[in-house]
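Data first, discussion second: the structure below is written as C-alpha coordinates.
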Amino acid sequence: MRFLLLPFAILYGLGVRLRHFLYDRGWLSSKRYPFPILCVGNLAVGGTGKTPMVEYLVRLLGQEQVAVLSRGYRRKTKGFVLADDSATAMTLGDEPYQYHRKFPQATVAVCESRQEGIERLLENPHFKYIILDDAFQHRKVQAGTNLLLTSYDKLYTQDFLLPVGSLRDIRSRARKAQIIIVTKCPELTQAEQEKIIQQLKPLPSQKVYFTSIAYSDRVYSHEDSQALKDFITTPFTLVTGIANPTPLVDFLEKQGASFEHLAYSDHHHFSNRELELLRQKGCILTTEKDYVRLEGALSTLYYLPIETQFLNDQRLIFND
(Lines give C-alpha, C1' and ligand atoms only; values in the text may rest on other atoms or scores of the structure.)
Protein backbone atom coordinates (compact mmCIF):
# COMPACT_ATOMS: atom_id res chain seq x y z
CA MET A 1 0.00 0.00 0.00
CA ARG A 2 2.81 2.44 0.87
CA PHE A 3 4.45 1.68 -2.47
CA LEU A 4 1.20 2.45 -4.30
CA LEU A 5 0.82 5.76 -2.45
CA LEU A 6 4.40 6.87 -3.08
CA PRO A 7 3.61 8.83 -6.31
CA PHE A 8 1.02 10.87 -4.42
CA ALA A 9 3.52 11.62 -1.66
CA ILE A 10 6.07 12.76 -4.28
CA LEU A 11 3.51 15.09 -5.87
CA TYR A 12 2.51 16.42 -2.46
CA GLY A 13 6.16 17.04 -1.60
CA LEU A 14 6.71 18.94 -4.84
CA GLY A 15 3.78 21.20 -4.00
CA VAL A 16 5.09 21.84 -0.49
CA ARG A 17 8.61 22.58 -1.76
CA LEU A 18 7.27 24.97 -4.41
CA ARG A 19 5.33 26.87 -1.75
CA HIS A 20 8.43 27.23 0.45
CA PHE A 21 10.50 28.28 -2.58
CA LEU A 22 8.05 31.09 -3.35
CA TYR A 23 8.19 32.34 0.24
CA ASP A 24 11.97 32.04 0.46
CA ARG A 25 12.38 34.09 -2.75
CA GLY A 26 9.95 36.72 -1.51
CA TRP A 27 7.41 36.06 -4.26
CA LEU A 28 4.90 35.27 -1.51
CA SER A 29 4.90 37.76 1.34
CA SER A 30 5.66 36.97 4.96
CA LYS A 31 5.42 39.40 7.85
CA ARG A 32 7.39 39.79 11.08
CA TYR A 33 5.94 41.78 13.99
CA PRO A 34 7.87 43.88 16.56
CA PHE A 35 6.31 41.85 19.37
CA PRO A 36 7.33 38.61 21.12
CA ILE A 37 5.57 35.81 19.22
CA LEU A 38 6.04 32.14 20.11
CA CYS A 39 4.89 29.50 17.64
CA VAL A 40 4.07 25.95 18.76
CA GLY A 41 3.81 23.47 15.91
CA ASN A 42 4.95 20.26 14.29
CA LEU A 43 5.67 18.70 10.92
CA ALA A 44 3.20 15.85 11.33
CA VAL A 45 -0.58 15.72 11.38
CA GLY A 46 -1.62 15.88 15.05
CA GLY A 47 -0.66 13.74 17.99
CA THR A 48 2.53 15.47 19.20
CA GLY A 49 1.13 17.17 22.30
CA LYS A 50 0.71 20.77 21.15
CA THR A 51 -2.19 21.49 23.51
CA PRO A 52 -0.37 20.59 26.77
CA MET A 53 2.70 22.45 25.48
CA VAL A 54 0.65 25.62 24.93
CA GLU A 55 -0.74 25.21 28.45
CA TYR A 56 2.80 24.78 29.79
CA LEU A 57 3.80 28.06 28.15
CA VAL A 58 0.78 29.87 29.58
CA ARG A 59 1.71 28.68 33.07
CA LEU A 60 5.39 29.49 32.54
CA LEU A 61 4.85 33.01 31.23
CA GLY A 62 1.80 33.82 33.38
CA GLN A 63 -1.72 33.78 32.01
CA GLU A 64 -2.15 37.55 32.42
CA GLN A 65 0.91 38.03 30.19
CA VAL A 66 -0.14 35.96 27.17
CA ALA A 67 -2.56 35.89 24.27
CA VAL A 68 -3.17 32.53 22.61
CA LEU A 69 -4.16 32.60 18.94
CA SER A 70 -5.50 29.47 17.26
CA ARG A 71 -7.21 28.71 14.01
CA GLY A 72 -10.20 27.29 15.88
CA TYR A 73 -10.40 24.03 13.96
CA ARG A 74 -13.97 22.77 13.31
CA ARG A 75 -15.65 25.70 15.03
CA LYS A 76 -19.01 26.94 13.76
CA THR A 77 -17.91 30.58 13.39
CA LYS A 78 -15.78 32.43 10.85
CA GLY A 79 -13.18 35.17 11.05
CA PHE A 80 -11.66 36.69 14.19
CA VAL A 81 -13.38 35.73 17.45
CA LEU A 82 -12.18 36.90 20.86
CA ALA A 83 -13.14 34.58 23.73
CA ASP A 84 -15.56 36.04 26.26
CA ASP A 85 -18.14 34.82 28.77
CA SER A 86 -20.42 33.61 25.96
CA ALA A 87 -17.73 31.47 24.33
CA THR A 88 -18.32 27.76 23.70
CA ALA A 89 -16.50 24.93 21.97
CA MET A 90 -18.72 25.67 18.95
CA THR A 91 -17.65 29.32 18.70
CA LEU A 92 -13.94 28.79 19.43
CA GLY A 93 -13.13 25.15 18.74
CA ASP A 94 -12.37 22.60 21.44
CA GLU A 95 -8.73 23.46 22.19
CA PRO A 96 -9.10 27.28 22.32
CA TYR A 97 -12.19 26.88 24.47
CA GLN A 98 -10.20 24.62 26.79
CA TYR A 99 -7.54 27.35 27.10
CA HIS A 100 -10.24 29.94 27.82
CA ARG A 101 -11.86 27.82 30.55
CA LYS A 102 -8.57 26.83 32.12
CA PHE A 103 -6.87 30.23 32.00
CA PRO A 104 -9.59 32.88 32.39
CA GLN A 105 -7.06 35.70 32.75
CA ALA A 106 -5.36 34.87 29.45
CA THR A 107 -6.47 36.42 26.17
CA VAL A 108 -7.70 33.72 23.79
CA ALA A 109 -8.69 34.32 20.18
CA VAL A 110 -9.25 32.36 16.98
CA CYS A 111 -8.83 33.37 13.36
CA GLU A 112 -8.17 31.49 10.13
CA SER A 113 -5.66 34.18 9.10
CA ARG A 114 -2.79 34.38 11.57
CA GLN A 115 -1.85 37.81 10.23
CA GLU A 116 -5.34 39.20 10.78
CA GLY A 117 -5.53 37.58 14.20
CA ILE A 118 -2.22 39.07 15.34
CA GLU A 119 -3.11 42.51 14.06
CA ARG A 120 -6.48 42.44 15.79
CA LEU A 121 -4.85 41.38 19.05
CA LEU A 122 -2.22 44.10 18.78
CA GLU A 123 -4.95 46.74 18.67
CA ASN A 124 -5.10 46.35 22.46
CA PRO A 125 -1.88 44.64 23.60
CA HIS A 126 -2.37 44.28 27.37
CA PHE A 127 -0.15 41.18 27.30
CA LYS A 128 3.57 40.57 26.70
CA TYR A 129 3.53 37.49 24.47
CA ILE A 130 1.45 35.99 21.69
CA ILE A 131 1.42 32.20 21.45
CA LEU A 132 0.51 30.81 18.03
CA ASP A 133 -1.09 27.39 18.41
CA ASP A 134 -0.29 24.97 15.55
CA ALA A 135 1.18 27.54 13.15
CA PHE A 136 4.64 26.25 12.25
CA GLN A 137 3.58 25.64 8.64
CA HIS A 138 1.98 29.08 8.23
CA ARG A 139 4.61 31.07 6.34
CA LYS A 140 2.64 34.34 6.23
CA VAL A 141 3.83 35.07 9.78
CA GLN A 142 7.45 34.95 10.97
CA ALA A 143 7.42 34.12 14.67
CA GLY A 144 10.30 35.24 16.85
CA THR A 145 10.63 31.78 18.42
CA ASN A 146 9.47 28.52 16.85
CA LEU A 147 8.97 25.46 19.07
CA LEU A 148 8.86 22.32 16.92
CA LEU A 149 7.32 19.26 18.57
CA THR A 150 7.98 15.68 17.50
CA SER A 151 6.66 12.56 19.19
CA TYR A 152 9.16 10.13 20.74
CA ASP A 153 7.51 7.12 19.11
CA LYS A 154 7.48 8.75 15.65
CA LEU A 155 10.27 11.25 15.17
CA TYR A 156 9.96 13.38 12.04
CA THR A 157 13.30 11.94 10.89
CA GLN A 158 11.63 8.50 10.79
CA ASP A 159 8.44 9.67 9.10
CA PHE A 160 7.41 10.35 5.51
CA LEU A 161 5.17 12.80 3.70
CA LEU A 162 1.43 12.29 3.36
CA PRO A 163 -0.22 10.04 2.33
CA VAL A 164 2.58 7.49 2.85
CA GLY A 165 3.45 8.83 6.30
CA SER A 166 2.01 11.52 8.55
CA LEU A 167 4.25 14.49 7.64
CA ARG A 168 2.40 17.52 6.28
CA ASP A 169 5.64 19.44 5.78
CA ILE A 170 9.13 18.53 4.58
CA ARG A 171 11.70 17.45 7.15
CA SER A 172 14.19 20.18 6.20
CA ARG A 173 11.79 22.77 7.63
CA ALA A 174 12.92 21.61 11.09
CA ARG A 175 15.96 23.86 10.57
CA LYS A 176 13.70 26.91 10.98
CA ALA A 177 12.89 26.04 14.61
CA GLN A 178 14.85 27.58 17.46
CA ILE A 179 13.69 24.86 19.85
CA ILE A 180 12.98 21.17 19.14
CA ILE A 181 10.98 19.27 21.76
CA VAL A 182 10.68 15.48 21.78
CA THR A 183 7.32 14.79 23.42
CA LYS A 184 5.62 11.81 25.09
CA CYS A 185 8.92 10.29 26.20
CA PRO A 186 9.32 7.45 28.68
CA GLU A 187 12.12 7.72 31.19
CA LEU A 188 15.31 8.19 29.16
CA THR A 189 18.93 7.95 30.17
CA GLN A 190 21.35 10.63 29.05
CA ALA A 191 22.81 8.19 26.53
CA GLU A 192 19.35 7.49 25.08
CA GLN A 193 18.68 11.21 24.77
CA GLU A 194 21.99 11.74 23.00
CA LYS A 195 21.13 8.98 20.55
CA ILE A 196 17.86 10.73 19.66
CA ILE A 197 19.66 14.06 19.28
CA GLN A 198 22.04 12.40 16.83
CA GLN A 199 19.06 11.21 14.80
CA LEU A 200 17.53 14.70 14.76
CA LYS A 201 20.85 16.33 13.76
CA PRO A 202 20.01 19.78 15.12
CA LEU A 203 21.88 22.89 14.08
CA PRO A 204 24.39 24.27 16.62
CA SER A 205 21.96 27.10 17.36
CA GLN A 206 19.02 24.77 18.07
CA LYS A 207 18.16 23.53 21.55
CA VAL A 208 16.64 20.07 22.05
CA TYR A 209 14.41 19.22 25.01
CA PHE A 210 12.62 16.07 26.13
CA THR A 211 9.17 15.95 27.74
CA SER A 212 6.77 13.36 29.04
CA ILE A 213 3.04 13.31 29.79
CA ALA A 214 2.15 13.79 33.46
CA TYR A 215 -1.31 12.47 34.22
CA SER A 216 -3.29 13.86 37.13
CA ASP A 217 -4.02 11.62 40.12
CA ARG A 218 -7.62 12.87 40.08
CA VAL A 219 -10.49 12.82 37.60
CA TYR A 220 -12.96 15.70 37.35
CA SER A 221 -16.58 16.26 36.42
CA HIS A 222 -18.73 19.38 36.37
CA GLU A 223 -19.74 18.86 39.99
CA ASP A 224 -16.96 16.97 41.73
CA SER A 225 -13.64 15.18 41.54
CA GLN A 226 -12.29 11.93 42.90
CA ALA A 227 -9.00 10.12 43.15
CA LEU A 228 -8.10 8.21 40.00
CA LYS A 229 -7.25 5.12 42.05
CA ASP A 230 -10.82 5.10 43.41
CA PHE A 231 -12.43 5.88 40.05
CA ILE A 232 -10.83 2.90 38.28
CA THR A 233 -12.07 0.37 40.84
CA THR A 234 -15.30 0.25 38.79
CA PRO A 235 -15.36 -0.57 35.05
CA PHE A 236 -15.99 2.45 32.81
CA THR A 237 -16.00 3.53 29.17
CA LEU A 238 -13.10 5.56 27.80
CA VAL A 239 -14.13 7.94 25.01
CA THR A 240 -11.42 9.67 22.97
CA GLY A 241 -11.56 12.03 20.01
CA ILE A 242 -7.85 12.83 19.75
CA ALA A 243 -5.16 12.05 17.19
CA ASN A 244 -3.24 9.53 19.33
CA PRO A 245 -5.00 7.99 22.35
CA THR A 246 -2.42 5.21 22.77
CA PRO A 247 -0.45 6.84 25.63
CA LEU A 248 -3.66 7.37 27.62
CA VAL A 249 -4.84 3.81 27.00
CA ASP A 250 -1.45 2.42 28.02
CA PHE A 251 -1.42 4.55 31.17
CA LEU A 252 -4.86 3.39 32.29
CA GLU A 253 -4.02 -0.25 31.58
CA LYS A 254 -0.87 0.05 33.69
CA GLN A 255 -3.04 1.38 36.53
CA GLY A 256 -5.07 -1.84 36.35
CA ALA A 257 -8.24 -0.16 35.03
CA SER A 258 -10.99 -2.17 33.35
CA PHE A 259 -12.62 -0.23 30.53
CA GLU A 260 -14.11 -0.26 27.07
CA HIS A 261 -12.43 2.16 24.66
CA LEU A 262 -14.50 4.01 22.06
CA ALA A 263 -12.09 5.87 19.76
CA TYR A 264 -13.28 8.64 17.45
CA SER A 265 -11.39 10.88 15.03
CA ASP A 266 -9.52 13.98 16.20
CA HIS A 267 -11.83 16.95 17.00
CA HIS A 268 -14.86 14.68 16.48
CA HIS A 269 -18.27 16.32 16.82
CA PHE A 270 -20.65 13.81 18.37
CA SER A 271 -23.99 13.21 16.65
CA ASN A 272 -27.24 12.76 18.55
CA ARG A 273 -27.12 9.06 17.73
CA GLU A 274 -23.60 8.74 19.14
CA LEU A 275 -24.56 10.66 22.26
CA GLU A 276 -27.51 8.35 22.80
CA LEU A 277 -25.15 5.38 22.57
CA LEU A 278 -22.82 6.96 25.12
CA ARG A 279 -25.70 7.63 27.52
CA GLN A 280 -26.24 3.88 27.69
CA LYS A 281 -22.63 3.24 28.72
CA GLY A 282 -22.86 4.50 32.30
CA CYS A 283 -19.72 6.10 33.70
CA ILE A 284 -17.51 7.69 31.04
CA LEU A 285 -13.95 8.96 31.23
CA THR A 286 -12.58 11.20 28.48
CA THR A 287 -9.81 13.66 27.74
CA GLU A 288 -10.05 17.30 28.74
CA LYS A 289 -10.25 18.32 25.08
CA ASP A 290 -13.17 15.96 24.47
CA TYR A 291 -14.83 16.98 27.72
CA VAL A 292 -15.49 20.53 26.52
CA ARG A 293 -17.50 19.07 23.61
CA LEU A 294 -19.38 16.49 25.66
CA GLU A 295 -20.08 18.51 28.79
CA GLY A 296 -23.80 18.91 29.39
CA ALA A 297 -24.73 16.08 27.02
CA LEU A 298 -23.78 13.22 29.38
CA SER A 299 -24.63 12.91 33.06
CA THR A 300 -21.75 10.75 34.33
CA LEU A 301 -18.81 12.29 32.50
CA TYR A 302 -15.29 12.72 33.90
CA TYR A 303 -11.99 13.85 32.39
CA LEU A 304 -8.36 13.16 33.27
CA PRO A 305 -6.11 16.25 33.01
CA ILE A 306 -2.58 15.99 31.66
CA GLU A 307 0.42 18.32 31.74
CA THR A 308 3.72 18.54 29.92
CA GLN A 309 6.66 17.63 32.15
CA PHE A 310 10.27 18.25 31.12
CA LEU A 311 12.82 15.51 31.74
CA ASN A 312 15.91 16.20 33.84
CA ASP A 313 14.29 19.28 35.40
CA GLN A 314 14.78 21.20 32.16
CA ARG A 315 13.00 24.53 31.81
CA LEU A 316 12.35 26.81 28.87
CA ILE A 317 13.69 30.35 29.21
CA PHE A 318 12.61 33.21 26.97
CA ASN A 319 14.13 36.66 26.78
CA ASP A 320 11.84 39.67 26.55
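With sequence neighbours left out, the side chain to side chain contact (heavy atoms under 4.5 Å, CB included) criterion links L22 to L18, W27, L28. Partners of T107 under the side chain to side chain donor-acceptor pair (under 3.5 Å) rule, at least two apart in sequence or in another chain, are H126. With sequence neighbours left out, the ring pair (Phe, Tyr, Trp, His ring centres under 6.0 Å) criterion links Y56 to F310.
For N272, the CG atom sits in a loose shell: 12 or fewer heavy atoms of surrounding residues, nucleotides or ligands are nearer than 6.0 Å. Few gaps surround CZ on R139; more than 12 heavy atoms of other groups in view lie less than 6.0 Å from it. The 12-atom threshold is not exceeded at NZ of K176, counting heavy atoms of other residues, nucleotides or ligands nearer than 6.0 Å. Atom NE2 of H269 sits in a crowded spot, with more than 12 heavy atoms from other residues, nucleotides or ligands closer than 6.0 Å. Residue R25 places its CZ atom among 12 or fewer non-hydrogen atoms of other residues, nucleotides or ligands, all under 6.0 Å distant.
Under a 3.5 Å cut-off, the side chain of Q105 and the backbone N or O of Q63 do not form any donor-acceptor pair. Under a 3.5 Å cut-off, the side chain of D134 and the backbone N or O of G41 do not form any donor-acceptor pair. When atom types are taken as modelled, the side chain of T77 and the backbone of T91 share a donor-acceptor pair closer than 3.5 angstrom. Distance alone, capped at 3.5 Å, places no donor-acceptor pair between the E119 side chain and the E116 backbone. Side chain of T183 to main chain of T48: a donor-acceptor pair is present (N/O by atom type, distance under 3.5 Å, no hydrogens or angles). At least one donor-acceptor pair closer than 3.5 Å links the side chain of E192 to the backbone N or O of T189. In terms of modelled atom types and a separation under 3.5 Å, the side chain of R71 and the main chain of E112 share no donor-acceptor contact. With hydrogens and angles disregarded, no donor-acceptor distance shorter than 3.5 Å links the side chain of Q309 to the backbone of A214. No side-chain donor-acceptor contact under 3.5 Å links H267 to the backbone of Y73. Of the possible polar contacts, none joining the S166 side chain to the A44 backbone as a donor-acceptor pair under 3.5 Å is found.
Taken to the nearest 0.5 Å, the CG atom of L38 stands 9.5 Å off from the CG atom of L316. One finds the CG atom of L161 at 12.5 Å from the CG atom of L5 (value rounded to the nearest 0.5 Å). To the nearest 0.5 Å, atoms CG (D266) and CD1 (I242) are separated by 7.5 Å. Taken to the nearest 0.5 Å, the CD atom of Q206 stands 4.0 Å off from the CD1 atom of I180. To the nearest 0.5 Å, atom NZ of residue K207 and atom CD1 of residue I179 are 7.0 Å apart. To the nearest 0.5 Å, the span separating OG on S172 from CZ on R17 amounts to 6.5 Å.
Between R175 and L203, some side-chain heavy-atom pair lies under the 4.5 Å cut-off. Using a 4.5 Å heavy-atom threshold, the side chains of E295 and R101 count as touching. Looking at heavy atoms from C-beta onward, V58 lies out of side-chain contact with Y99 at the 4.5 angstrom threshold. M53 places a side-chain heavy atom less than 4.5 Å from the side chain of I181. Side-chain atoms of C185 and T211, non-hydrogen and from C-beta on, never get closer than 4.5 Å to each other. The closest side-chain heavy-atom distance from T240 to Y264 is not below 4.5 Å. In this structure, E55 and Q98 have side chains that are in contact, with non-hydrogen atoms separated by less than 4.5 Å. Side-chain atoms of H261 and P245, non-hydrogen and from C-beta on, do get closer than 4.5 Å to each other.
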- Message: Let's go through L167 and L162 carefully: what are the C-alpha distance in whole Å and the side-chain angles of both, what is the deciding distance for side chain to side chain contact (heavy atoms under 4.5 Å, CB included) to 0.1 Å, and is it a yes or a no?
- Response: CA-CA 6 Å; L167 294 183; L162 293 167; 5.9 Å; no
- Task: Show your reasoning for whether side chain to side chain donor-acceptor pair (under 3.5 Å) applies to H20 and D169.
- Result: CA-CA 10 Å; H20 288 310; D169 208 341; 2.8 Å; yes
- Start with the C-alpha distance between L200 and Y156, add both sets of side-chain angles, then the distance that settles side chain to side chain contact (heavy atoms under 4.5 Å, CB included), and finish with yes or no. CA-CA 8 Å; L200 297 177; Y156 60 79; 3.9 Å; yes
- Message: Let's go through D230 and T233 carefully: what are the C-alpha distance in whole Å and the side-chain angles of both, what is the deciding distance for side chain to side chain donor-acceptor pair (under 3.5 Å) to 0.1 Å, and is it a yes or a no?
- Response: CA-CA 6 Å; D230 296 330; T233 57; 6.0 Å; no
- side chain to side chain contact (heavy atoms under 4.5 Å, CB included) between R171 and D159, worked out: CA-CA 9 Å; R171 286 178 287 196; D159 206 346; 5.9 Å; no
- Message: Please determine whether salt bridge (charged side-chain N to carboxylate O under 4.0 Å, His left out) holds for the pair E276 and R279, giving the CA-CA distance in whole Å, both sets of side-chain angles, and the decisive distance to 0.1 Å.
- Response: CA-CA 5 Å; E276 187 57 39; R279 292 187 187 104; 3.3 Å; yes
- Query: What do the steps show when you test S212 against Y152 for side chain to side chain contact (heavy atoms under 4.5 Å, CB included), and what is the final call?
  - Reply: CA-CA 9 Å; S212 62; Y152 165 81; over 6 Å; no
- Query: What do the steps show when you test R59 against E307 for salt bridge (charged side-chain N to carboxylate O under 4.0 Å, His left out), and what is the final call?
  - Reply: CA-CA 11 Å; R59 293 189 187 94; E307 291 185 9; 3.6 Å; yes
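Side chain to side chain, N42 and Q137 fail the donor-acceptor criterion of an N or O pair below 3.5 Å.
Contact between L92 and A83 at its shortest, heavy atoms only, is CD1-CB, 3.6 Å. For the residue pair P247 and K184, the shortest heavy atom distance occurs at CG-CD, 4.2 Å. What you find for Q314 and F210 is that their closest heavy atoms are OE1-N, 3.3 Å. Closest heavy-atom contact between A177 and L148: CB-CB, 3.6 Å. Of all the heavy atoms in Q115 and K140, the pair that sits closest is NE2-O, 2.8 Å. Minimum interatomic distance between K289 and V292 (heavy atoms only, all atoms of both residues): O-CG2, 3.1 Å.
Ion pair K102/E288 flagged as a salt bridge, since at least one NZ, NE, NH1 or NH2 atom sits closer than 4.0 Å to an Asp/Glu carboxylate oxygen. Using a 4.0 Å cut-off between a side-chain N of Lys or Arg and a carboxylate O of Asp or Glu, K50 and E95 do not qualify as a salt bridge.
Side-chain heavy-atom separations under 4.5 angstrom define the hydrophobic clusters, and M90 shares its cluster with no other residue. Cluster partners of I130, using a side-chain heavy-atom cutoff of under 4.5 Å among ILVMFWY residues and allowing indirect links, are Y33, F35, I37, L69, F80, L82, I118, L121, L122, F127, L132, V141. In the hydrophobic clustering, I232 connects to I213, Y215, V219, L228, F231, F236, L238, L248, V249, F251, L252, F259, L285, Y302, L304, I306, either directly or through intervening members, whenever side-chain heavy atoms lie under 4.5 Å apart.
Y209 and L61 end up in the same hydrophobic cluster when Ile, Leu, Val, Met, Phe, Trp and Tyr side chains are linked at under 4.5 Å. Taking hydrophobic clusters as Ile, Leu, Val, Met, Phe, Trp and Tyr residues chained together by side-chain heavy-atom distances below 4.5 Å, V68 does not share a cluster with V110.
The aromatic rings of H268 and F270 lie perpendicular to each other, with more than 60° between the two planes, well past the 30° mark.
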